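Computed from a predicted structure; not experimentally measured.
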Amino acid sequence: GLATPWNPRPNGGVVALAASGNASYVGGWLNSLRDWVPRSGLAALDVTTGAATPWDPGCDGLVRSLAASGSTVYVAGQFSTVGGKARANLAALDATDGTARDWSPNPNGPLWTVVVSGSTVYAGGWFGRIAGQPRGYAAALDSATGAATAWDPGANDIVNTLAVSGGTVYAGGWFSRIGGQQRRSIAALDAATGAATSWNPDGDGVVQALAVGGSTVYAGGI
């Protein structure tokens, strides 16, 4: 039960974490880390010591979710500039130098979650349009081009969290209908079609976090 030496000491709130290789990426509304190293909204930490690495994309708003995949870190939240470029609420950053890639789906509202599965990036939040296409609160995007795929579950309210396992995308949030079916706050969606499966826990609150381990789905919220 002893704490490890890993101790980043953020000044501000951290609400998003992702790990890749020797770095742990953190996001939120932080403005500095241990030894008063300035970082705006985003930082990469050494996985052993917790010290800030040179990676410093800078973000002018709130980061709510991070997903690391290969040489790219996907950032979702409520912001207008990150990695030195104008990006509305969703961006792909170079994992080495922190610069924003050309990938820019430009959702018309804030995002709560971003998840990567293979060549697909799933995004959820409070938006009605993304990558130039109408999408209700959840969408799937091509990881290379940023274009919206045909996947369109059409939630009727905010999607807070997404988790992917095999051919299923689990969603949690404020919705009461998604994937063409009545589903309160939590649902399982076909990763190919976006249709709701028969899985229906029927939540009575708001699901804010999801994780999948083997044959079990873990959910948390209020």
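In this structure, Ser143 contributes its side chain and Ser119 its backbone to a donor-acceptor pair below 3.5 Å. Between the side chain of Thr113 and the backbone N or O of Gly124 there is no donor-acceptor pair closer than 3.5 Å. The backbone N or O of Ala131 lies less than 3.5 Å from no partner atom in the side chain of Asn106, so there is not a single donor-acceptor pair.
Tracing side-chain contacts under 4.5 Å through hydrophobic residues (I, L, V, M, F, W, Y), one reaches Val115 starting from Leu189; they form part of the same cluster. Note: the hydrophobic cluster containing Leu45 also contains Leu17 (ILVMFWY, side chain heavy atoms under 4.5 Å, direct or indirect links).
Other cluster members for Leu62: Val15, Trp29, joined by side-chain heavy-atom distances under 4.5 Å among Ile, Leu, Val, Met, Phe, Trp and Tyr.
In this structure, Asp60 has no salt bridge (charged side-chain N to carboxylate O under 4.0 Å, His left out) partners at least two apart in sequence or on a different chain. For Arg177, the salt bridge (charged side-chain N to carboxylate O under 4.0 Å, His left out) criterion is met by no residue, not counting sequence neighbours. Under the rule for a salt bridge (charged side-chain N to carboxylate O under 4.0 Å, His left out), Asp157 has no partner lying at least two apart in sequence or in another chain. Partners of Arg135 according to the salt bridge (charged side-chain N to carboxylate O under 4.0 Å, His left out) rule, which considers only residues two or more places apart in sequence or in another chain, are Asp152. By the side-chain contact (heavy atoms from CB on, under 4.5 Å) test, Leu30 is found to be paired with Val14, Val26, Arg39, residues two or more places apart in sequence or in another chain being considered.
For the pair Asn108 and Ile130, the minimum side-chain heavy-atom distance is 4.5 Å or more. Looking at Val169 and Leu162, their side chains come closer than 4.5 Å, going by heavy atoms from C-beta outward. In this structure, Val75 and Leu93 have side chains that are in contact, with non-hydrogen atoms separated by less than 4.5 Å. Tyr137 is not listed as a side-chain neighbour of Phe127, based on a closest heavy-atom distance of 4.5 Å or more. Using a 4.5 Å cut-off on side-chain heavy atoms (C-beta onward), Trp151 and Asp190 make no contact. The shortest side-chain heavy-atom distance between Thr120 and Leu141 does not fall under the 4.5 Å cut-off. Two residues are said to be in side-chain contact when any heavy atoms from C-beta on lie closer than 4.5 Å; Asp102 and Lys85 meet this criterion.
The CG atom of Leu111 sits 11.0 Å away from the CD1 atom of Ile158 when rounded to the nearest 0.5 Å.
Shortest non-hydrogen contact noted between Pro153 and Ala138 is CG-CB, 4.1 Å. Of all the heavy atoms in Leu33 and Ala43, the pair that sits closest is CD1-CB, 3.4 Å. When every heavy atom of Gly166 is checked against every heavy atom of Val164, the shortest pair comes out as O-CG1, 4.0 Å. Contact record, Gly70 with Ala95: O-CB, 4.4 Å, taken as the closest heavy-atom pair. Annotation for Gly109 and Asn89: closest pair O-ND2, 2.9 Å, computed over non-hydrogen atoms. When all heavy atoms are compared, the tightest approach of Ala100 to Val82 is CB-O, 3.6 Å.
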For residues 205-222, which side-chain N or O atoms pair as donor and acceptor with protein atoms under 3.5 Å away, sequence neighbours left out?
none

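Screening residues 106-130 for salt bridge (charged side-chain N to carboxylate O under 4.0 Å, His left out) gives no qualifying pairs among residues at least two apart or on separate chains. Residues in residues 91-101 take part in these side chain to side chain donor-acceptor pair (under 3.5 Å) pairs, two or more places apart or across chains: Ser71-Arg101, Thr72-Arg101, Asp97-Thr99. Residues in residues 52-99 take part in these ring pair (Phe, Tyr, Trp, His ring centres under 6.0 Å) pairs, two or more places apart or across chains: Tyr25-Trp55, Tyr74-Trp103. For residues 191-205, every residue pair satisfying the side chain to side chain donor-acceptor pair (under 3.5 Å) rule, not counting sequence neighbours, is listed here: Arg184-Asp202. Residue pairs meeting the side chain to side chain donor-acceptor pair (under 3.5 Å) criterion with at least one partner in residues 165-176, sequence neighbours excluded, are Asn156-Ser176.
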Checklist line | Leu66 vs Val73, side-chain contact (heavy atoms from CB on, under 4.5 Å): CA-CA, chis, key distance, verdict | finding: CA-CA 7 Å; Leu66 295 167; Val73 179; 4.3 Å; yes
